[in-house]
Asker: 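Quick one: structure below, then a few questions.
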Amino acid sequence: MAAEPIPAPDGIRAAGAVVWRGDRTAPEIALVHRPKYNDWTLPKGRIVHGEHPIAAAVREVYEETGLRVVLGRWLCSVHYEKKGWAKRVDYWAAQAAGPADFVENEEVDRMSWLPLEDARDALTFERDLAVLTEFAARPVATTPIVLVRHGRLSGSGDDWQGKKKTRPLDPVGEAQAATLATVLAAYRAGALISAPSERCLQTLEPYRSANRLTIRQDKLFTDKHYEPAGALRILLGAIAVRDRMAICGHRESLEGVVGEVCAGRYDGEAALHLFKGSLVVLHHADERIVSLERYIL
């Protein structure tokens, strides 16, 4: 099913994860104990102003557990009231990428790894059980393909005097590119492809630079040169070898290739519209798309 974690207009926003390790068919789950409340719960915490929820989930997991994680599919959002305020917590699956560097602190004094069924029994809150149920309902080990429409452009198309492909991002678009870098870092994207236009290359540049990666340019992801079979081959190749890939392109090409790759491989609705500075994440496992998520930067 399509997942759309959309920011709530009011109230408290938080993000967290079901962190797992070991065999994907029998994973162990990380739970944290909070001495202030004397409860066992999933790692989570408030989103900092201006922070993307995806980046917040990874940061909060590290702060509470000392674990570096690779983010997987979005699970669900949990809503409840805290001190008279509406609170929303978005959760993702997250695979531990190494041993924990856990340090006891005032908020979390213990961390424990438990088999899935034992974790169910240990959790204090019913709402956490619902998150764990969603985690177990579909594959826990997934690989993302992130399809990004470039950020907002400088000026207007009618006023731009140069070639269309040289039109750059405006300051808002540059901020969206910086946010994208934190999102791609959560997924640990290693393969980058861009349409050969300045706006698309700029959108990927902060992440590319921070991780010393290269960007492969391909005109298939422009509207003018989009060719369904060729673009589909690229995505199917990534699926076959489980590449963590990010592609930045133009709207029609991205919307088109999502429909192509989901045909026969995804059970939900794949028709979508990508605004400037938005993205879709296709999580796949065993050559099927198990989650389609849309986000705004």
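In this text the structure is predicted, and so the values were computed from the model without any measurement. We count residues from 1, following the sequence as given.
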Asker: Would you say Asp223's side chain and Glu252's backbone share a donor-acceptor pair under 3.5 angstrom?
Answerer: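 Answer holds: yes.
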Asker: Between the main-chain N or O of Arg152 and the side-chain N or O of Gln176, is there a donor-acceptor pair closer than 3.5 Å?
Answerer: yes
Asker: Between Asp101 and Arg68 (salt bridge meaning N to carboxylate O under 4.0 Å), is one present in this structure?
Answerer: no
Asker: Counting distance only, does the side-chain N/O of Arg138 pair as donor-acceptor with the main-chain N or O of Val290 below 3.5 Å?
Answerer: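 At least one qualifying donor-acceptor pair exists.
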Asker: Please check: side-chain N/O of Asn105 versus main-chain N/O of Glu107, any donor-acceptor pairing under 3.5 Å?
Answerer: yes
Asker: Testing Arg110, Arg127, Arg34 for salt bridge (Lys or Arg N to Asp or Glu O under 4.0 Å) with Asp39, which one passes?
Answerer: Arg34
Asker: Just do the side chain to side chain contact (heavy atoms under 4.5 Å, CB included) check on Leu31 and Leu42 with the steps written out, would you?
Answerer: CA-CA 5 Å; Leu31 301 187; Leu42 302 168; 3.7 Å; yes
Asker: What's the shortest heavy-atom distance between Glu64 and Val108, and which atoms?
Answerer: O-CG1, 3.7 Å
Asker: Please list all pairs meeting ring pair (Phe, Tyr, Trp, His ring centres under 6.0 Å) that have one or both residues in residues 201-245, counting only residues at least two apart or in different chains.
Answerer: none
Asker: Where do Ser77 and Asp90 come nearest, in terms of heavy atoms and distance?
Answerer: CB-OD1, 3.3 Å
Asker: Is Arg24 salt-bridged to Asp286, cutoff N-O under 4.0 Å?
Answerer: yes
Asker: Decide, yes or no, whether a salt bridge links Arg73 with Glu134 under the criterion of side-chain N to carboxylate O below 4.0 Å.
Answerer: yes
Asker: For a quick check under 3.5 Å, do His150 and Ser197 share a side-chain donor-acceptor pair by atom type?
Answerer: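 The criterion, which ignores hydrogens and geometry beyond distance, is not satisfied for Ser197 and His150.
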Asker: Is the side chain of Thr182 donor-acceptor paired with the backbone N or O of Ala178 at a distance under 3.5 Å, no angle test?
Answerer: no
Asker: Leu116 and Trp20: side chain to side chain contact (heavy atoms under 4.5 Å, CB included), yes or no, with the steps?
Answerer: CA-CA 9 Å; Leu116 185 60; Trp20 67 279; over 6 Å; no
Asker: Between Arg199 and Gly151 (side chain of the first, backbone of the second, donor and acceptor by atom type, cut-off under 3.5 Å), is there such a pair?
Answerer: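 No, the answer is negative, given that no donor and acceptor are paired below the 3.5 Å cut-off.
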Asker: Can you list every pair that meets ring pair (Phe, Tyr, Trp, His ring centres under 6.0 Å) and has a residue in residues 21-40, with sequence neighbours left out?
Answerer: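 The answer is His33-Trp40.
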Asker: Report yes if some heavy atom in the side chain of Leu147 is under 4.5 Å from a heavy atom in the side chain of Ile145; otherwise report no.
Answerer: yes
Asker: If hydrophobic clusters are built from ILVMFWY residues whose side chains come within less than 4.5 Å, do Val172 and Phe275 share one?
Answerer: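 Different hydrophobic clusters.
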Asker: Any sub-3.5 Å donor-acceptor pair from Ser209's side-chain atoms to Glu205's backbone N or O?
Answerer: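 No.
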Asker: Quick check: is Tyr266 connected to Met245 through a chain of hydrophobic side chains (ILVMFWY, heavy atoms under 4.5 Å apart)?
Answerer: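 Per the 4.5 Å side-chain linkage, Met245 and Tyr266 are co-clustered.
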Asker: Taking Glu260 for the side chain and Ala231 for the main chain, is one N or O donor matched with an acceptor at less than 3.5 Å?
Answerer: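 Here the side-chain-to-backbone pair does not exist.
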